[in-house]
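Scroll down for the structure; my scribbles are underneath it.
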Number of protein chains: 2
Amino acid sequence: MTATDRRAAAKREQILTAATRLFVRHGYGGTSMDAVSSEAGVSKQTLYRYFPSKADLLSAFITTELAPHEVFAAVPAEPETEAELRQSLVLLAQSVTGRLLQPPITAALRLVISEAFRITELRDLVRTALPGQLLEVATRQLARAATLGLIRTTRPDLSARLFVGSVFSYVALDGFLRVSPLAPPPVADLEFLVDAFLLSVAIEP
Amino acid sequence: MTATDRRAAAKREQILTAATRLFVRHGYGGTSMDAVSSEAGVSKQTLYRYFPSKADLLSAFITTELAPHEVFAAVPAEPETEAELRQSLVLLAQSVTGRLLQPPITAALRLVISEAFRITELRDLVRTALPGQLLEVATRQLARAATLGLIRTTRPDLSARLFVGSVFSYVALDGFLRVSPLAPPPVADLEFLVDAFLLSVAIEP
DNA sequence: GTCACACTGGACCGTACAGTTTGATCGTGA
DNA sequence: TCACGATCAAACTGTACGGTCCAGTGTGAC
């Protein structure tokens with residue numbers, strides 16, 4: 001990687017960071033390209049060199065913020081015992097609320113929900129991004145736990161919904177409608193939710 | 001009510017209906033006042049007589065679509081037995097998914113989430129509107145059920161979140177990210193969720 | 001040293017759009 | 001029948017904004 005390349009990457013980063021700040025604070029419609037170039041300390045021509053259109057900027061913002069990796073990385077993939085399963089669920093809950101309630105991510109989700117559903121490329125992107133994956137990952141995990149005999153459920157998809165839904169409610173019901181960022185819920189509460197959920201899929205009657 | 005009043009109300013309705021159609025299809029930013037006046041078959045002057053600004057139109061749209069009455073009206077307020085409680089929860093789940101997945105309401109929620117959180121008046125409005133009330137109403141119901149001995153929970157608020165979250169996930173995780181409207185989930189699925197939830201708050205192990 | 005290229009600042013273009021104004025027409029209530 | 005208020009169509013205003021263009025400056029690669 002040459003020095004020019006490095007400088008180019010830095011410029012791109014610098015622009016995207018500025019755009020992020022503005023998107024978070026003023027939304028997509030409320031952010032003009034002039035404002036971005038000024039906030040980034042970069043001429044408009046340079047801005048347009050790195051992001052040929054405003055939609056590209058939005059796209060980059062969303063892909064960056066909603067990359068699903070970290071959330072799922074935090075979760076041990078293959079719990080073998082009830083205790084491990086419980087811990088895995090608590091970690092998932094913590095990870096989801098901890099990350100998704102951060103202002104840039106909440107803002108990205110807001111934008112996806114409002115603008116992106118009309119922009120074709122972004123729709124596909126969302127399906128593979130964070131919240132689109134939540135139900136599927138949880139369903140797979142629970143199905144696996146069921147075959148291992150750790151839990152009992154005839155409908156892993158619905159059981160997953162029960163759990164994921166309650167966790168995601170911190171984002172959907174509390175986070176979205178608030179102006180100031182919402183503090184992540186206390187771990188004790190998440191543990192309560194996990195334990196309640198585990199009761200609903202407990203092996204024995 | 002004089003004939004003029006009646007005519008005025010009809011005109012207002014006619015405009016709001018047209019605006020609703022456009023907001024649903026193209027969002028707030030994508031809907032121009034020219035388009036509204038044309039869709040309503042009404043001159044711009046008349047449009048502005050009834051709605052002095054575009055924000056007023058948005059406000060009226062949201063208040064109309066997100067009035068919480070019907071959803072809660074469908075739910076029997078005071079279940080006295082376990083069976084009644086179960087039925088009450090199933091009805092709530094049906095009512096919430098049935099209504100909130102309808103295109104105009106999903107659109108209204110999208111708009112609230114994206115635009116309205118910056119507009120002060122709308123924020124207050126949202127708190128008393130539909131999704132803002134869900135958790136509180138459910139919490140009250142469950143707390144009451146707990147004192148009646150129908151269920152057992154030390155944290156009615158979290159139990160409510162477990163249930164409401166799973167139901168609302170149909171809106172938040174499936175509805176928001178889709179383009180074409182999402183069919184409401186089969187009643188059997190909702191019953192599954194209710195029964196699973198009830199297991200998590202069952203009186204006796 | 002020089003060439004290509006990134007970058008800057010700012011002017012510029014076209015357009016879309018919220019909201020206003022005008023002047024004519026129509027319906028209704030007295 | 002008359003007058004007033006509601007309505008209409010359409011032109012108009014001001015502005016904000018996405019995107020382009022230009023002339024000039026710095027800088028790394030060879």
Side-chain angles (χ1 to χ4, degrees), chain A residues 1-23 25-62 111 114-116 118-122, chain B residues 1-62 111 114-116 118-119 121-122:
Chain A
M1 185 194 265
T2 86
T4 341
D5 285 349
R6 237 176 296 118
R7 253 188 47 179
K11 262 285 185 292
R12 208 192 120 96
E13 184 73 14
Q14 169 186 352
I15 293 173
L16 190 50
T17 304
T20 298
R21 253 195 313 272
L22 294 178
F23 282 158
R25 195 151 30 206
H26 309 296
Y28 183 68
T31 299
S32 73
M33 291 301 260
D34 279 304
V36 173
S37 88
S38 145
E39 173 88 8
V42 140
S43 77
K44 263 179 101 175
Q45 186 165 139
T46 306
L47 166 57
Y48 274 94
R49 171 184 300 279
Y50 287 94
F51 300 94
S53 78
K54 196 182 177 185
D56 286 301
L57 204 47
L58 174 64
S59 182
F61 165 64
I62 287 174
L111 289 189
S114 59
E115 319 274 345
R118 255 189 311 280
I119 305 180
T120 326
E121 350 156 271
L122 289 192
Chain B
M1 185 195 263
T2 86
T4 342
D5 285 348
R6 236 176 295 118
R7 255 187 45 180
K11 263 283 183 305
R12 208 192 120 94
E13 182 74 14
Q14 168 186 354
I15 293 173
L16 190 50
T17 304
T20 298
R21 254 195 313 272
L22 294 178
F23 282 157
V24 168
R25 195 152 30 208
H26 309 295
Y28 182 67
T31 299
S32 73
M33 291 301 260
D34 278 306
V36 173
S37 88
S38 144
E39 174 88 8
V42 139
S43 77
K44 266 179 95 175
Q45 182 168 144
T46 307
L47 166 57
Y48 274 95
R49 170 184 301 280
Y50 287 93
F51 300 95
S53 80
K54 197 181 176 185
D56 285 302
L57 205 47
L58 174 64
S59 182
F61 165 64
I62 288 175
L111 289 189
S114 58
E115 318 272 347
R118 255 190 310 282
I119 305 180
E121 346 156 275
L122 289 192

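The sequence lines fix the lettering, A, B, ..., with proteins before strands; numbering per chain opens at 1.
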When the side chains of residues 9-20 of chain A are checked against the rest of the protein, which donor-acceptor pairs come out under 3.5 Å, sequence neighbours left out?
from, atom 1, to, atom 2, distance (Å)
A:Gln14, NE2, A:Ala40, O, 2.7
A:Thr17, OG1, A:Glu13, O, 2.8
A:Thr20, OG1, A:Leu16, O, 2.8

All N/O pairs under 3.5 Å across the protein-nucleotides 4-6 of chain C interface:
from, atom 1, to, atom 2, distance (Å)
C:dA6, OP2, A:Arg49, NH1, 3.3

Under the side-chain contact (heavy atoms from CB on, under 4.5 Å) test, residues paired with A:Ser38 that sit two or more places apart = none
Going by heavy atoms closer than 4.0 Å, what residues in residues 15-23 of chain A are next to DNA chain D?
-> none
Any residue meeting side chain to side chain donor-acceptor pair (under 3.5 Å) with A:Ser37, in chain and number order, not counting sequence neighbours | none
Using whole Å, report how far CD of B:Gln14 lies from C1' of D:dT7.
-> 11 Å
When you check every protein heavy atom under 4.0 Å of nucleotides 11-19 of chain C, what one-letter string (B, S, -) results, 5' to 3'?
-> ------SSB
What's the verdict on side-chain contact (heavy atoms from CB on, under 4.5 Å) for A:Phe61 and A:Leu111, showing C-alpha distance, side-chain angles and the deciding distance?
-> CA-CA 10 Å; A:Phe61 165 64; A:Leu111 289 189; 3.7 Å; yes
Under 3.5 Å, sequence neighbours excluded: what are the donor-acceptor pairs made by side chains of residues 51-60 of chain B?
from, atom 1, to, atom 2, distance (Å)
B:Ser53, OG, B:Ala55, N, 3.3
B:Ser53, OG, B:Asp56, N, 3.2
B:Ser53, OG, B:Asp56, OD2, 2.9
B:Lys54, NZ, B:Tyr28, O, 3.0
B:Lys54, NZ, B:Thr31, O, 2.7
B:Asp56, OD2, B:Ser53, N, 3.3

Residue pairs meeting salt bridge (charged side-chain N to carboxylate O under 4.0 Å, His left out), one or both in residues 32-52 of chain A, sequence neighbours left out, come to A:Arg21-A:Glu39, A:Asp34-A:Lys44
Output one line per pair: protein atom, nucleotide atom from nucleotides 22-26 of chain D, and distance, for all N/O pairs under 3.5 Å.
from, atom 1, to, atom 2, distance (Å)
D:dC22, N4, A:Gln45, NE2, 2.2

